[in-house]
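One structure below.
Since the structure is predicted, the reported quantities are computational estimates derived from the model, not experimental observations.
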Amino acid sequence: MAATGRDMSARSATADREIVISRAVSAPRELVFEAFTEVRHLSRWWGPEGFTTTTRAFEFRVGGEWDFVMHGPDGTDYQEWITWTELTPPERIAMLHGEARDDPNAFESVLTFEPDGAATRIEMRTVFPTRELRDQAVEKYHAIEGGRQTLSNLAAYVTETVRKGAEG
């Protein structure tokens, strides 16, 4: 019970700085997890609707980096950088995400993958350094809707992969 109490107080301490998005995906957990592990998968679904991704470097390991540019539908390019801080296949991925390696406004995200019958429930929990940065991400960059769209793109991608696998 003590650990649960500490977990709850830690969560409430960050509640005003976090965004939590979850979605059920009609695919096995291992496949949903794999969609995050290889750039050939990520480039097919990463980002909100209308965005594309160009990868400059990708190494999926703790301490490895993903250096990429997201291209918005309006032509705007967004420099992005992720370093993986924890990998527990096929259950959990933790990362630090910013515009560049030394970004003081980088935020932490933890993705968990839970079996849900034949499906997988993915939860993306993002904690920003400050409430102001969280609010800016929500208001200026539409982070909640963008996160929902990203997980929707993931779901469509892995569902199509499962369907093709069943046909092939």
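L96 and L87 fall into different hydrophobic clusters, where Ile, Leu, Val, Met, Phe, Trp and Tyr residues are linked whenever their side-chain heavy atoms come under 4.5 Å apart, directly or through other members. The hydrophobic clustering, which links ILVMFWY residues whose side-chain heavy atoms are closer than 4.5 Å, places V20 and I93 apart. Under the 4.5 Å side-chain heavy-atom criterion for grouping Ile, Leu, Val, Met, Phe, Trp and Tyr, W81 is not connected to V39 through any hydrophobic cluster. A continuous path of hydrophobic side-chain contacts links F58 to F33 [ILVMFWY only; heavy atoms under 4.5 Å]. Criterion: ILVMFWY side-chain heavy atoms under 4.5 Å apart, direct or through other members. Under it, L133 and F107 are part of a common hydrophobic cluster.
In terms of modelled atom types and a separation under 3.5 Å, the side chain of T55 and the main chain of F68 share no donor-acceptor contact. Side-chain N or O atoms of W84 include one that pairs as donor or acceptor with a backbone N or O of E59 at under 3.5 Å. For the pair T76 (side chain) and G72 (backbone), a donor-acceptor distance under 3.5 Å is absent. The backbone N or O of P115 lies less than 3.5 Å from no partner atom in the side chain of R29, so there is not a single donor-acceptor pair. Under the 3.5 Å distance criterion, the side-chain polar atoms of S109 are left unmatched by any main-chain donor or acceptor of M95.
Residues I122 and L111 are in side-chain contact: their nearest non-hydrogen atoms beyond the backbone lie under 4.5 Å apart. Looking at P89 and E30, their side chains never come closer than 4.5 Å, going by heavy atoms from C-beta outward. Side-chain contact between T161 and K164 is absent, with no heavy-atom pair separated by less than 4.5 Å. Between F51 and T53, the closest side-chain pair of non-hydrogen atoms is not below 4.5 Å. Looking at heavy atoms from C-beta onward, T126 lies in side-chain contact with M124 at the 4.5 angstrom threshold. V62 has its side chain out of reach of T85: every pair of non-hydrogen atoms, C-beta onward, lies at least 4.5 Å apart. A heavy-atom distance below 4.5 Å is not found between the side chains of F128 and D135.
E145 and Q149 are linked by a side-chain donor-acceptor pair at a separation below 3.5 angstrom, with hydrogens and angles left out of the test. For the 3.5 Å distance criterion, the side chains of T54 and H71 qualify, holding a donor opposite an acceptor. For the 3.5 Å distance criterion, the side chains of Q79 and R56 qualify, holding a donor opposite an acceptor. W46 and T150 form no side-chain donor-acceptor contact under 3.5 Å, judged by distance and modelled atom types alone.
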How far apart are the C-alpha atoms of E80 and E99, what are their side-chain angles, what is the distance that settles it, and do they pass the side-chain contact (heavy atoms from CB on, under 4.5 Å) test? CA-CA 4 Å; E80 301 286 330; E99 293 180 1; 5.5 Å; no
For a salt bridge (Lys or Arg N to Asp or Glu O under 4.0 Å) check, start with the C-alpha distance between E123 and R121, then their side-chain angles and the critical distance, and finish with the verdict. CA-CA 7 Å; E123 179 183 271; R121 174 147 301 275; over 6 Å; no
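Put simply, CG on L31 and OG on S26 are 11.5 Å apart, with the number rounded to the nearest 0.5 Å. Here the CZ-CD distance, from R131 to Q136, works out to 13.5 Å after rounding to the nearest 0.5 Å. Here CZ of R61 is found 15.0 Å from OG1 of T37. Values are rounded to the nearest 0.5 Å.
When all heavy atoms of Y157 and H41 are compared, the closest pair comes out as OH-ND1, 2.6 Å. Scanning all heavy atoms of the two residues, the minimum distance from R23 to L151 falls at CD-O, 3.6 Å. Among all heavy-atom pairs drawn from G47 and M70, the shortest one is CA-CE, 3.8 Å. Of all non-hydrogen atoms in A27 and T120, the two that sit nearest each other are O-OG1, 2.7 Å. For the pair H142 and E139, the tightest heavy-atom approach, listed with the atom from each and the gap, is CE1-O, 3.6 Å. Shortest non-hydrogen contact noted between P104 and P129 is O-CG, 4.2 Å.
Salt-bridge annotation for R134 and E18: absent, with no side-chain N of the basic residue lying under 4.0 Å from a carboxylate O of the acidic one.
In this structure, D102 places its CG atom where only 12 or fewer heavy-atom neighbours from other residues, nucleotides or ligands lie under 6.0 Å away. At most 12 heavy atoms of other shown residues, nucleotides or ligands fall within 6.0 angstrom of atom CD in E108. In this structure, R44 places its CZ atom where only 12 or fewer heavy-atom neighbours from other residues, nucleotides or ligands lie under 6.0 Å away.
Here the two rings, on W66 and F36, have centers that are 6.0 Å apart or farther.
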